[in-house]
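Notes follow the structure.
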Amino acid sequence: MLIKRSPNGIDLPYGSEITPREIFESRRSFIGKIAAGSIASGALLEMAAREAFAQTPGAQKLTAKLNPAYNSVDKQTPFKDATTYNNYYEFGTDKSDPAKTAGTLKPRPWTVTIEGEVKKPMTLDIDSLLKLAPLEERIYRLRCVEGWSMVIPWVGYSLSELVKKVEPTGNAKYVEFVTLADKAQMPGLRSPVLEWPYVEGLRIDEAMHPLALLGLGMYGEVLPNQNGAPVRVVLPWKYGFKSAKSIVKIRFVSEQPKTAWNIAAPREYGFYSNVNPDVDHPRWSQASERRIGEDGLFAKKRKTLMFNGYNEVASLYKGMDLKKYF
Ligand SMILES: Nc1nc2c(c(=O)[nH]1)N[C@H]1C(S)=C(S)[C@@H](COP(=O)(O)O)O[C@H]1N2
Ligand SMILES: [Mo]
């Protein structure tokens, strides 16, 4: 393969033995165009990368500039893997369930209500959220507590942009994320595996950290339903379950909010849930992980890094015993 990486960091396809036909076809036409000398610019390379990753048919594309501070040297997880191996219990507990059943989720029209300890409570629709701040592409690793990880080019902006708009009061110490719980759209709600709605939370200084992303898209288009359409958070230094999908309400509160996995198994899942290879889950080690998309028979496990490698958040937890506050 001549071209490994597009200007915005999207890996071009490789390994023809696993290349679906559409990708092969678009790559062939793209290479044909290069050979004919008709294209050479970065913009066209980018177009070809997008085309080669033929994503959700008809999905709205999002234009976002790669923020170089959040690029990654790791190879990106193929779109196909990122959208067929999911945890989204509202659509079933099997990794393959959400891709099959989340078609019933209606991501538009959609509103997010922001309330509680704020001077300017508001309800925003998705178009307003898409315009609230410049969209950035950020390539983040996300590490699931189950011991696997992915590398995904998200589209969104820092959650702090939204927080600043609503002007939290002095009493706002925590932020609670409430996600959609609609039986008509979500077959998984019939099972009491978690308390619905799925809720998550952050301390306000965690929510204000620039790394905390309000996610509106991935791979250059709006979020696929199974990845949390139309709006979620992405908190790459925490275990994946903190990154709540399909958010309908953001509440600013004075007390630490309850969170779905902490309610379900408090000994196993704490409020902080920072990625920490030194604190094992009571039932398994957290020292290593496998990277989805490269887990062949001979693929080596990767060492899990403190804060998933995002050391810039360390100052948020200065002086805290992270074994106690797991
Ligand atoms: N509402 C909701 N959000 C959720 C979940 C869920 O079941 N429901 N699963 C979490 C878990 S355990 C993980 S690992 C990530 C997975 O995100 P992805 O499927 O986009 O990789 O979503 C998190 N957000
Ligand atoms: Mo997870």
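When a ligand or atom number is given, it counts from 1 through the structure's own listing order. Below, each value reflects all heavy atoms present in this structure, side chains not excepted, and no hydrogens, waters or symmetry copies. The first residue of the sequence shown is numbered 1, and numbering continues consecutively from there.
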re atom 9 (N) of ligand 1, the protein heavy-atom contact at minimum distance is N87 O, 3.2 Å
Is the shortest N/O to N/O distance between W261 and ligand 1 below 3.5 Å? no
For atom 15 (C) of ligand 1, the closest protein heavy atom turns out to be G240 O, 3.6 Å
Salt bridge (Lys or Arg N to Asp or Glu O under 4.0 Å) filter on E312, not counting sequence neighbours, yields none
Is it true that R251 and E115 make a salt bridge, defined as a side-chain N closer than 4.0 Å to a carboxylate O? yes
Aromatic centroids of F307 and Y317 separated by under 6.0 Å: yes
Backbone or side chain, does any N or O of K245 fall under 3.5 Å from an N or O of ligand 1? yes
Give the C-alpha distance, both sets of side-chain angles, the deciding distance and a yes or no for ring-ring contact (aromatic ring centres under 6.0 Å, His included) between F271 and Y325. CA-CA 7 Å; F271 175 78; Y325 298 101; 9.9 Å; no
Is there a donor in the side chain of T304 and an acceptor in the side chain of R143, or the other way round, less than 3.5 Å apart? yes
Within the 4.0 Å heavy-atom shell around N86, which atoms of ligand 1 are there? 18 (P), 19 (O)
Check this for me - ligand 1, E90, N or O atoms closer than 3.5 angstrom, yes or no? yes
To which of C144, A82, S243 does the heavy atom nearest atom 14 (S) of ligand 1 belong? C144
Say whether, by atom type as modelled, one donor and one acceptor occur between the side chain of W261 and the main chain of L194 under 3.5 angstrom. no
What do we get for T179 next to ligand 1 when only non-hydrogen atoms under 4.0 Å count, side chain, backbone, both or neither? side chain
Heavy atom of G228 under 4.0 Å from ligand 1? no
Contact check: Y89 vs ligand 1, nitrogen or oxygen atoms, below 3.5 angstrom: yes
For E90, which residues count as a salt bridge (Lys or Arg N to Asp or Glu O under 4.0 Å) partner, sequence neighbours excluded? none
R232 near ligand 1 by a heavy-atom separation under 4.0 Å: yes
F241 neighbourhood, listing ligand 1 atoms whose heavy-atom distance to it stays under 4.0 Å: 10 (C), 11 (C), 12 (S), 13 (C), 23 (C)
I need the nearest protein heavy-atom contact for atom 6 (C) of ligand 1: residue, atom name and distance, please. Y198 CE1, 3.4 Å
Are N87 and K95 close enough that a side-chain donor and a side-chain acceptor fall under 3.5 Å? yes
Go through Y198 and Y89 one step at a time and tell me if the ring-ring contact (aromatic ring centres under 6.0 Å, His included) criterion holds. CA-CA 9 Å; Y198 190 104; Y89 277 19; 8.1 Å; no
Which atoms of ligand 1 have any heavy atom of N227 under 4.0 Å away? 18 (P), 19 (O), 20 (O)
